[in-house]
Amino acid sequence: MNWNRTLDLLQVHCQGEIGKIIVAGAPEIPGATMLDKMNHLNTVDDSLRRFVTFEPRANVAMSVNLLVAPTRSDADAGFIVLQADRAHPMSGSNCICVVTALLESGRVPMSEPETVVRLDTPAGLIVARAACRDGQCLSVSLDNVPSFAEALDKEVETPKWGRIKIDVAFGGVYYALVDVGQIGLDIAPANARLLAEAGIELKSLLAGQVSVAHPVLGGIDEIAYVMFRGYEADGAVRTCTTLQPGRVDRSPCGTGSSANLAALYARGQISVGGRRTSRSIIGGEFLAEVIGETEVGGRRAVLPRITGRAFVYGREQLRISDDDPFAAGFALSDTWGPQVGLLG
C-alpha cells in the first residue's frame with residue numbers, strides 16, 4: 001500500500017465540538033492573504049475541503065482546520081476553517097482547538113504560565129492568550145476581531161412561525177440571532193434535530209430577505225449561521241448555533257457569542273468591561289467579555305474576548321489515492337439531515 005501522499009491531522013475538541021487540524025500534507029493554497037486563500041477554496045478549488053469534511057473520512061458533527069503559514073509578519077501561524085458547506089473566515093471553538101494543538105504539539109513554543117499566540121485568519125489577526133501548566137493548555141482567551149450589529153429586531157416573514165424578529169451581527173462571520181421562544185422550542189439536547197432543521201430553514205429564508213456585506217473584508221457577504229439564544233436564571237445566555245446542512249454546534253460558539261455581545265452593545269445593555277457566560281446545548285461554557293470599543297466601516301463595534309478550553313484526544317492520517325471512488329466525498333440525509341441537498 002502506497003502511503004506517500006497523506007494528510008496528518010490532530011484530533012481536538014472544544015467543549016465537545018470537534019475541530020480537527022491538518023498539520024501536514026496539504027497542498028499549497030494560492031493567495032497573497034488568508035482571505036484570498038479562503039476565497040480560492042470557496043470559488044476555485046474545493047477538493048481539499050470536500051475530501052476532509054465529507055464521508056467516508058468525516059461525519060456531520062465536526063470541522064477541519066487547515067493550518068498554513070501566516071501571510072503577515074506579526075502572526076505565528078494561519079488557519080482556515082473547513083466545513084461541509086464552505087470554508088469560513090473564523091470560528092471561536094476552532095481557534096481554541098488550533099491554539100491548543102499548536103502549543104501542546106510543540107509547533108509553537110509553550111511558555112508557562114501564559115503563552116501568547118497570534119493567528120492569521122481570513123477575518124483578521126486573532127491574539128490568543130493560553131494559560132499553560134505542565135505542558136497543557138488549561139484555557140485559551142481569544143481577542144476576536146471587531147464585532148458589530150448590522151440590524152436589530154429585523155422582522156422576517158416565515159411560513160411556519162409567522163413574523164419573527166432577528167438581530168443580524170458580525171462576530172467573525174455574520175449571524176442571525178434568534179430568541180428561541182419565537183419558534184416554540186427550548187435549547188435542550190432532546191430538541192437538537194428540531195433546532196437544526198429550524199435553523200437551516202431560517203437560513204434559507206433569510207437569503208431572500210436579508211443582505212449583508214462586510215464593509216472591509218471582501219467575500220464575506222452571507223449570513224453564515226442562525227444562532228438561537230435563550231436566557232438562564234443565572235444570567236447566562238444559552239446558545240445553539242445551527243450549521244449546514246442540519247446540525248447544531250456542540251460548543252457555546254465563540255463567533256456567535258461575539259456577535260451577541262455586539263448586539264447587546266448596540267442596545268446599550270453591555271459596555272466595556274461587561275461579560276456574559278455563553279452556555280451550549282450540552283452545558284459547555286465560554287466566557288464572553290467586551291474589552292474595548294472601535295469602529296468598522298463607520299459602524300460602532302466591540303472588541304470581544306472569548307475564553308474556553310480544548311482537548312487534544314488523538315491523531316489520524318488520511319491516505320490520498322488517485323483511484324479512490326469517493327475522493328469528492330458524499331453526505332446522506334440519514335445522518336446529515338433532510339436539507340443535505342443544500343451542500344451540492
Side-chain angles (χ1 to χ4, degrees), residues 15-17 60-61 63 83 85 88 91-93 147 149-207 209-210 212 222-264 266-267 269 276-286 288 304 306 308 337-339 342:
Q15 298 297 303
E17 177 72 9
V60 63
S63 300
Q83 293 180 344
D85 62 333
H88 289 274
S91 161
S93 64
S147 301
E150 191 81 31
L152 300 176
D153 291 326
K154 184 173 182 61
E155 293 188 343
V156 176
E157 294 290 344
T158 74
K160 185 176 294 185
W161 306 287
R163 182 176 296 179
I164 66 172
K165 292 182 178 181
I166 69 169
D167 295 338
V168 180
F170 179 83
V173 294
Y174 275 106
Y175 281 83
L177 307 171
V178 183
D179 289 343
V180 71
Q182 295 182 98
I183 64 166
L185 293 172
D186 295 321
I187 298 174
N191 292 332
R193 169 52 58 192
L194 294 173
L195 288 163
E197 293 177 3
I200 301 309
E201 183 173 343
L202 277 173
K203 177 176 162 60
S204 296
L205 290 170
L206 292 174
Q209 300 186 49
V210 182
V212 296
E222 71 158 8
I223 292 177
Y225 308 116
V226 171
M227 186 178 91
F228 295 111
R229 61 190 176 190
Y231 305 95
E232 310 267 88
D234 63 357
V237 179
R238 179 75 73 166
T239 71
C240 180
T241 294
T242 56
L243 299 89
Q244 295 269 40
R247 76 170 183 95
V248 301
D249 194 340
R250 273 67 173 156
S251 85
C253 191
T255 48
S257 295
S258 298
N260 192 53
L261 284 181
L264 291 171
R267 285 198 168 90
Q269 295 176 347
R276 293 288 189 278
T277 296
S278 292
R279 187 171 294 139
S280 77
I281 191 170
I282 58 172
E285 294 186 351
F286 286 164
I306 305 297
Q339 298 95 343
L342 295 173

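As a basis for the values below, the full set of heavy atoms in this structure was taken, side chains included, without hydrogen atoms, waters or symmetry mates.
At a threshold of 4.5 Å between non-hydrogen side-chain atoms, the residues Arg250 and Val248 count as touching. With contacts defined as side-chain heavy-atom distances shorter than 4.5 Å, the pair Ile183/Leu194 does not qualify. Asp249 is listed as a side-chain neighbour of Leu243, based on a closest heavy-atom distance under 4.5 Å. At least one side-chain heavy atom of Thr241 sits under 4.5 Å from a side-chain heavy atom of Tyr175. A 4.5 Å side-chain heavy-atom check between Arg276 and Asn260 finds every atom pair outside the cut-off. Side-chain contact between Phe286 and Ser93 is present, with heavy atoms from C-beta onward closer than 4.5 Å. Proximity of Leu206 to Val168: side-chain heavy atoms (C-beta onward) are nowhere separated by under 4.5 Å. Here the side chains of Pro338 and Glu197 are in contact, with some heavy-atom distance below 4.5 Å.
For the pair Ala288 and Ile306, the tightest heavy-atom approach, listed with the atom from each and the gap, is CB-CD1, 3.7 Å. Of all heavy-atom pairs between Ile282 and Gly16, the closest is CD1-CA, 4.5 Å. Closest approach of Thr242 to Ile200, counting heavy atoms only: OG1-N, 4.3 Å. Between Leu342 and Ser204 the shortest heavy-atom distance is CD1-OG, 4.1 Å. Looking at every heavy atom in both residues, Asp85 comes nearest to His88 through OD1-NE2, 3.0 Å. Scanning all heavy atoms of the two residues, the minimum distance from Pro252 to Thr239 falls at O-OG1, 2.9 Å.
The only option from Arg163, Lys165, Arg267 that meets the salt bridge (Lys or Arg N to Asp or Glu O under 4.0 Å) definition with Asp153 turns out to be Arg267.
To the nearest 0.5 Å, atom CZ of residue Arg279 and atom CD of residue Glu285 are 4.5 Å apart. Between the SG atom in Cys240 and the CD1 atom in Ile187 there is a gap of 5.5 Å [rounded to 0.5 Å]. Rounded to the nearest 0.5 angstrom, Met227 CE and Ser278 OG are separated by 6.5 Å. Taking OG from Ser91 and CD from Gln83, the interatomic distance works out to 6.5 Å, rounded to the nearest 0.5 Å. Taking SG of Cys253 as the start and CZ of Phe228 as the end, the distance is 13.0 Å to the nearest 0.5 Å.
Under the rule for a side chain to side chain donor-acceptor pair (under 3.5 Å), Gln182 has no partner lying at least two apart in sequence or in another chain. By the salt bridge (charged side-chain N to carboxylate O under 4.0 Å, His left out) test, Arg229 pairs with Asp167, Asp179, sequence neighbours left out. Qualifying side-chain contact (heavy atoms from CB on, under 4.5 Å) partners for Thr158, counting only residues two or more places apart in sequence or in other chains: Val156, Trp161, Ile164, Leu202, Leu205.
Judged purely by distance below 3.5 Å, without hydrogens or angles, the side chains of Ser147 and Ser258 never pair a donor atom with an acceptor atom.
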